[in-house]
Amino acid sequence: MNAFSALSDPSRRQILELLAHKGQMQATDIYSEFPSSASAISQHLKILRSARLVTVERDAKLRLYSVNMDTLCEVSNWVAEINQVWAARMNRLSNVLLAMKGTHVK
(Lines give C-alpha, C1' and ligand atoms only; values in the text may rest on other atoms or scores of the structure.)
Protein backbone atom coordinates (compact mmCIF):
# COMPACT_ATOMS: atom_id res chain seq x y z
CA MET A 1 0.00 0.00 0.00
CA ASN A 2 1.25 3.49 -0.74
CA ALA A 3 1.43 6.32 1.77
CA PHE A 4 -1.57 8.18 0.38
CA SER A 5 -3.83 5.14 0.57
CA ALA A 6 -2.66 4.50 4.11
CA LEU A 7 -3.36 8.11 5.06
CA SER A 8 -6.90 7.91 3.70
CA ASP A 9 -8.12 6.25 6.90
CA PRO A 10 -8.84 8.53 9.89
CA SER A 11 -7.69 5.92 12.42
CA ARG A 12 -4.32 5.60 10.72
CA ARG A 13 -3.94 9.38 10.65
CA GLN A 14 -4.75 9.44 14.38
CA ILE A 15 -2.10 6.79 15.04
CA LEU A 16 0.47 8.91 13.17
CA GLU A 17 -0.58 12.01 15.11
CA LEU A 18 -0.27 10.10 18.37
CA LEU A 19 3.22 8.88 17.48
CA ALA A 20 4.22 12.36 16.31
CA HIS A 21 3.22 13.83 19.67
CA LYS A 22 4.45 11.07 21.97
CA GLY A 23 7.40 9.64 20.07
CA GLN A 24 8.15 5.93 20.25
CA MET A 25 5.35 3.82 21.65
CA GLN A 26 4.70 0.18 22.32
CA ALA A 27 1.81 -1.39 20.45
CA THR A 28 -0.09 -1.95 23.70
CA ASP A 29 0.19 1.75 24.55
CA ILE A 30 -1.13 2.64 21.10
CA TYR A 31 -4.03 0.19 21.48
CA SER A 32 -5.01 1.77 24.79
CA GLU A 33 -5.53 5.15 23.10
CA PHE A 34 -8.31 3.89 20.82
CA PRO A 35 -11.79 2.50 21.37
CA SER A 36 -11.20 -0.04 18.57
CA SER A 37 -10.03 -3.56 19.30
CA ALA A 38 -6.34 -4.33 19.57
CA SER A 39 -6.59 -6.47 16.43
CA ALA A 40 -8.10 -3.55 14.47
CA ILE A 41 -5.30 -1.20 15.58
CA SER A 42 -2.76 -3.93 14.85
CA GLN A 43 -4.10 -4.11 11.29
CA HIS A 44 -3.78 -0.32 10.97
CA LEU A 45 -0.18 -0.53 12.22
CA LYS A 46 0.53 -3.25 9.66
CA ILE A 47 -0.76 -1.01 6.87
CA LEU A 48 1.26 1.96 8.16
CA ARG A 49 4.38 -0.25 8.21
CA SER A 50 3.63 -1.49 4.69
CA ALA A 51 3.34 2.12 3.51
CA ARG A 52 6.61 2.92 5.32
CA LEU A 53 4.89 5.62 7.39
CA VAL A 54 5.95 4.00 10.65
CA THR A 55 8.96 2.00 11.65
CA VAL A 56 9.20 -0.75 14.22
CA GLU A 57 12.22 -1.17 16.42
CA ARG A 58 12.52 -4.31 18.46
CA ASP A 59 13.91 -3.97 21.95
CA ALA A 60 13.98 -7.38 23.61
CA LYS A 61 10.32 -8.44 23.59
CA LEU A 62 9.00 -4.95 22.89
CA ARG A 63 8.02 -3.52 19.54
CA LEU A 64 8.47 0.23 19.51
CA TYR A 65 6.63 2.13 16.80
CA SER A 66 7.63 5.57 15.57
CA VAL A 67 6.91 7.85 12.65
CA ASN A 68 9.14 7.31 9.62
CA MET A 69 10.10 10.90 8.88
CA ASP A 70 11.67 10.03 5.52
CA THR A 71 8.35 8.87 4.09
CA LEU A 72 6.41 11.63 5.80
CA CYS A 73 8.79 14.18 4.28
CA GLU A 74 8.25 12.65 0.82
CA VAL A 75 4.50 13.07 1.27
CA SER A 76 4.94 16.60 2.58
CA ASN A 77 7.22 17.56 -0.32
CA TRP A 78 4.73 16.22 -2.86
CA VAL A 79 1.89 18.17 -1.24
CA ALA A 80 4.05 21.32 -1.22
CA GLU A 81 4.78 20.91 -4.94
CA ILE A 82 1.09 20.54 -5.75
CA ASN A 83 0.29 23.57 -3.58
CA GLN A 84 2.82 25.63 -5.53
CA VAL A 85 1.30 24.56 -8.85
CA TRP A 86 -2.21 25.50 -7.70
CA ALA A 87 -1.06 28.76 -6.12
CA ALA A 88 0.53 29.76 -9.43
CA ARG A 89 -2.66 28.85 -11.31
CA MET A 90 -4.79 30.86 -8.89
CA ASN A 91 -2.45 33.84 -9.23
CA ARG A 92 -2.75 33.69 -13.02
CA LEU A 93 -6.53 33.47 -12.77
CA SER A 94 -6.59 36.40 -10.36
CA ASN A 95 -4.51 38.47 -12.78
CA VAL A 96 -6.86 37.63 -15.67
CA LEU A 97 -9.92 38.53 -13.60
CA LEU A 98 -8.35 41.81 -12.49
CA ALA A 99 -7.46 42.64 -16.08
CA MET A 100 -11.01 41.83 -17.18
CA LYS A 101 -12.44 43.98 -14.42
CA GLY A 102 -10.30 46.88 -15.54
CA THR A 103 -11.59 46.71 -19.11
CA HIS A 104 -15.27 46.87 -18.16
CA VAL A 105 -17.02 50.23 -17.91
CA LYS A 106 -19.10 50.78 -14.81
Heavy-atom closest contact ([X] atom, [Y] atom, distance):
| X | Y | result |
| --- | --- | --- |
| N68 | R52 | ND2-O, 3.0 Å |
| V67 | A20 | CG2-N, 3.8 Å |
| A51 | A6 | CB-CB, 3.6 Å |

Can you tell if the side chain of [X] reaches within under 4.5 Å of the side chain of [Y], non-hydrogen atoms only?
| X | Y | value |
| --- | --- | --- |
| L7 | L16 | yes |
| R89 | L93 | no |
| L45 | Y31 | yes |

Nearest-0.5 Å distance, [atom1] of residue [X] to [atom2] of residue [Y]:
| X | Y | atom1 | atom2 | value |
| --- | --- | --- | --- | --- |
| N77 | I82 | CG | CD1 | 12.0 Å |
| Q26 | I30 | CD | CD1 | 9.0 Å |
| K101 | L97 | NZ | CG | 10.0 Å |
| M100 | N95 | CE | CG | 13.0 Å |
| Q43 | R12 | CD | CZ | 8.5 Å |

I'd like to know if the side chain of S8 reaches the main chain of S5, judged simply by a donor and an acceptor atom lying under 3.5 Å from each other, with no hydrogens or angles considered. yes
Are [X] and [Y] connected in the hydrophobic side-chain network, where two residues link if heavy atoms are under 4.5 Å apart?
| X | Y | value |
| --- | --- | --- |
| L18 | I41 | yes |
| L64 | L19 | no |
| M69 | W78 | yes |
| L53 | V79 | yes |
| F4 | I15 | yes |

Just do the side-chain contact (heavy atoms from CB on, under 4.5 Å) check on Q14 and H44 with the steps written out, would you? CA-CA 10 Å; Q14 286 179 315; H44 287 307; over 6 Å; no
